[in-house]
Amino acid sequence: MNDLEEFKLLLDDYNSNHSDAILLISNHLSKKKIIRAETIIYDKVFFAIKATDGNSSFIMKTNFSLEGKTAENLKKYFFKLVYQARRKIKDGFPKTRIEMNVEKSSSASSRSFFSRVKKTNMISTNIREITFEGDFKNLKTHGTDDFMLVIVPQKDSNFRMSPSYSITDFRRQGIQGKKDTAGAFYTIRQLDDDKLKIWFVLHDHPADLGDWAKRAEVDDEVILWGPRSLFNPPENIKHLILFCDESGLPAMQSISEHLNDEINCMAFYEVLDENCCIPINLKRNVKENWIYREKDQPGESKHLLNTLKNIKLPKDNFYIFGAGEAFQMIEIKNHFMNIGVLKDQINVSGYWKRK
Ligand SMILES: Cc1cc2nc3c(=O)[nH]c(=O)nc-3n(C[C@H](O)[C@H](O)[C@H](O)COP(=O)(O)OP(=O)(O)OC[C@H]3O[C@@H](n4cnc5c(N)ncnc54)[C@H](O)[C@@H]3O)c2cc1C
């Protein structure tokens, strides 16, 4: 994936999921009362916002040039604009989803848990289940797609995790450019008071965490920080449609396992081949469908999209929740939006990005 595609993906995500933050920023940057706005790339290099006040549309160009920058730089700039806007507008605009997520993630319910690898086990061709031992009595989950930031020592460092290593230490090293540890989000597949299981997808281009998961041995030490969750359906839904690739399997299987019996659930899982099929859900109201991508590369297959194009959506009271490779997920989300699904009926997350 080149830089321009990364920028477009990020702006797509902002336009689909953070229109409230874009509106907050536009009302801060403009003297007019903006009622609709979206982010765009202006003149091929500038991050800009296209806004309308109901009478006319116009473009607000920012000073942020994409040249020589990464999507991560743009993300930081966008967050800065949100916080500048909030300082000026104060209570004059409802709290945005970004602000609520930040509050949630720094709330007391998210904590660090020092743990050790107790056991590893290949449960399919490309999924390694790692069981961690630790004191998880105070880890309170939502019983859905709860995920943790898994923090491990960098491959070639002599750094040893310790129970006192905190999320603040982890964030600080990013700012100081000193990298003793690496972290990425992983879903809790199973939780007991003293054990926690995670399913790590093994693949051909592992960086820090994928590589760690391949090498992990009994007694390796990690910090697990969290939990957080993204699954947030409206109340009283009657139908649930879940879909994912292997990275989303733990989330979807945990959601469907904990599902109220009154909700009809159709789940669509894209995996490599038949050997990677891990059917677990025997609940009557959950129908699992396995889709095999066979020779296609992860994140590049159209099988999942084509299968979802053929399903008949319920008339109302439904919610769609998906997770997997970012581009694949955007294509699927676009399909649903094009056939009339409303924003609050769908939540699709890019869990990883193909390069
Ligand atoms: C909320 C959330 C929950 C998640 N839960 C899980 C989970 O339970 N299990 C899980 O395995 N992953 C899960 N993920 C995805 C995981 O965080 C990413 O795959 C992560 O990027 C891996 O970190 P890394 O350091 O190995 O690789 P990165 O530096 O992010 O990527 C390195 C290379 O690996 C490729 N890559 C990354 N992931 C995959 C993949 N799954 N398949 C093929 N190629 C890949 C990238 O394209 C890139 O080329 C979750 C992500 C989120 C946001």
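One is the number of the first residue; the rest follow in order along the sequence. Start at 1 and go down the list; that is how both ligands and their atoms are numbered. Here the structure is a predicted model, which means the values were calculated and not measured.
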(request) Decide whether Trp199 and Ile188 are clustered together by the hydrophobic rule: side chain heavy atoms of Ile, Leu, Val, Met, Phe, Trp, Tyr closer than 4.5 Å, transitively. (result) no

(message) With a 4.5 Å cut-off on side-chain heavy-atom distances among I, L, V, M, F, W and Y, is there a chain of contacts connecting Ile311 to Ile339?
(response) yes

(message) Can you list every protein residue that has a heavy atom under 4.0 Å from any atom of ligand 1, sorted by chain and residue number?
(response) Phe147, Ala184, Phe185, Tyr186, Thr187, Trp199, Phe200, Val201, His203, His205, Ala207, Asp208, Leu209, Gly210, Ser247, Pro250, Pro298, Tyr351, Trp352, Lys353, Arg354, Lys355

(message) Quick check on Lys214: does its NZ atom have over 12 non-hydrogen neighbours (other residues, nucleotides or ligands) under 6.0 Å away?
(response) yes

(request) Show the numbers, then the answer: is there a side-chain hydrogen bond (donor to acceptor under 3.5 Å, both in side chains) between Lys88 and Asn27? (result) CA-CA 10 Å; Lys88 191 172 137 206; Asn27 279 292; over 6 Å; no

(message) Taking the ring of Tyr269 and the ring of Phe243, is the distance between their centroids below 6.0 Å?
(response) no

(message) By the side-chain hydrogen bond (donor to acceptor under 3.5 Å, both in side chains) test, which pairs, at least two apart or in different chains, include something from residues 32-51?
(response) Asn15-Thr39

